[in-house]
*Asks:* 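Take this structure first; my questions come after.
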Amino acid sequence: MNKVFEIPLYPYARVADQDAETPVCHSVIVIGAGPVGLAAAIDLAQAGHQVVVLDDNDKVSWGSRAVCYAKRPLEILDRLGCGQPMVDKGVVWNRGRVFYDERQVYDFDLLPEEGHRRPAFINLQQYYFEQNLVSRARALEADGAPIELRGGNRVVSVEAADDGVTLKVETPDGPYTVQADWVIACDGAASPVRAMMGLDFVGRVFEDNFLIADVVMEAGFPTERWFWFDPPFNRGQSALLHKQPDNVWRIDLQLGWDIDKDEEKKPENVIPRLKAMLGEDAQFELEWVSIYTFQCRRMEKFRHGRVLFAGDAAHQVSPFGARGANSGLQDTDNLCWKLGLVMDGKAPESLLDSYDEERIQGADENILNSTRSTDFITPKSDMSRIFRNAVLDLSEHYAFARPLVNSGRLSVPCVYDGSPLNTPDALEGGPDRSRPGAPCPDAPLGNGFLLDRLGGRFTLLTIDADAPETVETGGIAATRLALSAAADRSGALSDRYLGSAPGAVYLIRPDQHVAARWPSFDEAAVKAAITSATGRA
């Protein structure tokens, strides 16, 4: 068994808060030191905001758990200063194959175009991800950033008021009380915070169960995503195979609904299933086994006054499509810059309502796609199964049928169409992929890439257009990044940002989503767009 599970990363230590005569108040308390909570804390600390992370654990999460990380979350992690270690350790992949019975019916490439720094996906065990995030948090702490990780601190009571939140925390030395101006609950799908506040999910739980087995083995399978419908080794069900670092392979096997989960997780029952798939002579060791049930649910609201929910605490989707941790990172990417502006007094608290609106849109997209995937993978009627199988047969020979195959629509970022922070599109002929609300597509810039130049601030991106170096309104400045399409020999910058327009001016939000765009600079229009993008319109 991997020793990483035994190493305390943020062990319990007594802190001054426990001896204070009156409860100490912190700017932000993040509850949960998983990937989403740590990402939120790093994001805030990088911007100079004081943040404390509380978790009853002090080690990485048990087992590989989330393993697939998509291009957009990797770009977010680049901004947080820990993207490269993920890619260095992870297994990079862009391609996948789909099988029906024993036949390959088609393959696909998730990133067929050049000119992006990051791949479509990497596979990496969640425990390595958490290690990377803790290392980044420790590096920030060493540099003087106001971030603190407290292991062995279990939140047992949450009292929310209009001006802050009071938490009761249990520790090995007994309880203490602490206060926060803001709380971000990232405490997982079972979310004790959600339960303490009397909140719940709405949505569907599907009648199917899947076995996850992480096995250590030497194998010659390519670095691709392989998905089977009705394979001979799991007849009438489905299967998935992914490669991870350290010769660990993720295998998902559909089991059906009426099962004894405890029995199915026993090695004497898991190993025969794996040998049926891999061959009787296959040599492997079980590293981690779990069983999950498809669930597509979310909270009705992610913001409850000064308590904000993110990641699995706010929403759940089926693992097929890699939408869990990836959407959680997009939650914090959306939330933290807005919370920072509110704490700095540069935006009204109502700006945080746009977190609710935009990320509920993202959750609903994920739930819709996950529900469709579930219905295709596990047909609920004979007619649905006949349709599904006909689509699979046709897809082997006819390209038109392949988009209908749904083995788990893989994670893509949400475009915030209709967001109250957007300014109506004014760039005639501009590409659809970079319209207001969309995440900025990457593009090569000499020896680097565009997204690295945008950073985590408001940016006025000009392409073959004049503008001042800075535009400021209400204490918020947009700094110019001046580019020319002629300098990009690949044509990617022009293709992704100009379309048929000769030039363009873009206002980019700190989370690298487009807030507005125009054919040329107009000071009044830019200032109005900054005002809208910060919830002050």
Side-chain angles (χ1 to χ4, degrees), residues 67-68 70 93-110 120-121 203-213 221-222 224-242 250-259 261 264 273-274 276-278 291-297 316-324 326-327 363-412:
V67 298
C68 297
W93 65 278
N94 293 321
R95 301 188 63 86
R97 300 172 189 255
V98 177
F99 301 87
Y100 177 36
D101 197 348
E102 297 184 271
R103 314 187 317 270
Q104 177 181 318
V105 292
Y106 78 99
D107 59 9
F108 57 85
D109 187 341
L110 294 171
F121 275 90
R204 294 174 62 186
V205 177
F206 291 85
E207 295 185 1
D208 230 317
N209 295 286
F210 290 77
L211 172 75
I212 295 178
F221 301 114
E224 298 173 341
R225 179 187 194 262
W226 284 13
F227 191 96
W228 287 265
F229 291 95
D230 195 18
F233 54 82
N234 196 30
R235 187 59 74 191
Q237 309 286 4
S238 63
L240 176 67
L241 177 69
H242 264 301
R250 162 65 55 86
I251 296 171
D252 288 43
L253 295 172
Q254 185 181 358
L255 299 180
W257 178 244
D258 189 17
I259 65 169
K261 293 183 180 181
E264 291 291 350
R273 290 185 180 277
L274 299 180
M277 177 182 184
L278 302 170
I291 289 178
Y292 65 86
T293 302
F294 268 174
Q295 300 187 43
C296 292
R297 308 188 297 166
Q316 287 179 280
V317 291
S318 60
F320 287 121
R323 295 174 179 273
N326 287 301
S327 62
D364 284 346
E365 285 185 9
N366 285 327
I367 287 170
L368 175 63
N369 281 294
S370 289
T371 300
R372 288 173 173 172
S373 297
T374 302
D375 288 339
F376 194 87
I377 293 168
T378 61
K380 303 304 184 289
S381 68
D382 290 340
M383 187 57 66
S384 295
R385 186 173 294 276
I386 289 169
F387 170 79
R388 197 272 312 267
N389 294 347
V391 167
L392 292 169
D393 279 328
L394 288 168
S395 67
E396 185 175 5
H397 304 289
Y398 301 101
F400 81 87
R402 291 166 194 163
L404 299 176
V405 176
N406 195 333
S407 62
R409 294 276 187 255
L410 288 155
S411 177
V412 294

*Asks:* Checking the side chain of Asp101 only, and the main-chain atoms of Pro231 only, is there a donor and an acceptor separated by less than 3.5 Å?
*Replies:* no
*Asks:* Which distance, rounded to the nearest 0.5 Å, do you find between the CZ of Phe108 and the OG of Ser407?
*Replies:*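 Separation between the atoms: 5.5 Å.
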*Asks:* Could you state the interatomic distance from NE2 (His242) to CZ (Phe227), rounded to the nearest 0.5 Å?
*Replies:* 10.0 Å
*Asks:* If the condition is salt bridge (charged side-chain N to carboxylate O under 4.0 Å, His left out), which residues does Arg97 pass it with, not counting sequence neighbours?
*Replies:*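 Per chain and number, Arg97 pairs via salt bridge (charged side-chain N to carboxylate O under 4.0 Å, His left out) with Glu224.
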*Asks:* Kindly give the heavy-atom pair with the smallest separation between Ile367 and Cys296, and that separation in Å.
*Replies:* CG2-CB, 3.8 Å
*Asks:* I need the minimum non-hydrogen distance between Phe376 and Leu404, along with the two atoms involved.
*Replies:* CE1-O, 3.5 Å
*Asks:* Is there a side-chain contact between Leu211 and Lys261 (heavy atoms, below 4.5 Å)?
*Replies:*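 Leu211 does not reach Lys261 side chain to side chain.
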*Asks:* Among residues at least two apart in sequence or on other chains, which ones pass side-chain hydrogen bond (donor to acceptor under 3.5 Å, both in side chains) with Asn94?
*Replies:* none
*Asks:* To the closest 0.5 Å, what do you measure between CG (Leu392) and CG (Asn406)?
*Replies:*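 The CG atom of Leu392 sits 10.5 Å away from the CG atom of Asn406.
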*Asks:* Is Arg225 paired with Asp107 through a side-chain N to carboxylate O contact shorter than 4.0 Å?
*Replies:*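 Salt bridge flag = no for Arg225 with Asp107.
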*Asks:* Please tell me if the side chains of Arg235 and Asp230 come closer than 4.5 Å, counting only heavy atoms from C-beta onward.
*Replies:* yes
*Asks:* Taking only residues two or more places apart in sequence, or in another chain, which ones meet Gln254 in a side chain to side chain contact (heavy atoms under 4.5 Å, CB included)?
*Replies:*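 Testing Gln254 for side chain to side chain contact (heavy atoms under 4.5 Å, CB included), a comparison that skips the adjacent residues, returns Asp208, Phe210, Asn234, Gln237, Ser238, Ile377, Thr378.
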*Asks:* When the ring planes of Phe121 and Trp93 are compared, do they come out parallel, tilted or perpendicular, using 30° and 60° as the limits?
*Replies:*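 Rings of Phe121 and Trp93: parallel, as their planes differ by under 30°.
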*Asks:* Could you walk me through whether Phe400 and Leu394 satisfy the side chain to side chain contact (heavy atoms under 4.5 Å, CB included) test, starting with their C-alpha distance in whole Å, then the side-chain angles of each, then the deciding distance to 0.1 Å, before giving a yes or no?
*Replies:* CA-CA 9 Å; Phe400 81 87; Leu394 288 168; 4.2 Å; yes
*Asks:* Can you name the side chain to side chain contact (heavy atoms under 4.5 Å, CB included) partners of Arg297, sequence neighbours left out?
*Replies:*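 For Arg297, the residues satisfying side chain to side chain contact (heavy atoms under 4.5 Å, CB included) (neighbours in sequence not counted) are Phe201, Val205, Gln295, Gln316.
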*Asks:* Tell me every residue that passes side chain to side chain contact (heavy atoms under 4.5 Å, CB included) with Arg103, counting only those two or more places apart in sequence or in another chain.
*Replies:* Tyr100, Val105, Asp393, Glu396
*Asks:* Phe99: which residues meet the ring pair (Phe, Tyr, Trp, His ring centres under 6.0 Å) condition with it, sequence neighbours left out?
*Replies:*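 For Phe99 the ring pair (Phe, Tyr, Trp, His ring centres under 6.0 Å) partners, ignoring immediate neighbours, are Trp226, Trp228.
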*Asks:* Asn389 versus Phe229: any side-chain heavy-atom pair under 4.5 Å?
*Replies:*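 Contact flag for Asn389/Phe229 side chains = no.
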*Asks:* From Ile212 CD1 over to Ile251 CD1, what is the distance, rounded to the nearest 0.5 angstrom?
*Replies:*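 Answer for the CD1-CD1 pair, Ile212 versus Ile251, is 11.5 Å.
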*Asks:* Verify side chain to side chain contact (heavy atoms under 4.5 Å, CB included) between Lys380 and Asp375, making sure each step is shown before the conclusion.
*Replies:* CA-CA 7 Å; Lys380 303 304 184 289; Asp375 288 339; 3.7 Å; yes
*Asks:* Can you sort out the partners of Asp109 under salt bridge (charged side-chain N to carboxylate O under 4.0 Å, His left out), two or more places apart, ordered by chain and number?
*Replies:* Arg95
*Asks:* Specify the closest pair of heavy atoms between Cys68 and Asn326, including all atoms of both residues, with the distance to one decimal.
*Replies:* O-ND2, 3.0 Å
*Asks:* Holding to side-chain hydrogen bond (donor to acceptor under 3.5 Å, both in side chains), I want the full list of residues that pass it with Arg273, two or more places apart in sequence or in another chain.
*Replies:* Glu264
*Asks:* For a quick test of reading the model, state the closest non-hydrogen atom pair linking Arg402 to Ser395 and the distance between them.
*Replies:*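 Smallest interatomic distance, heavy atoms only, reads NE-O, 2.7 Å.
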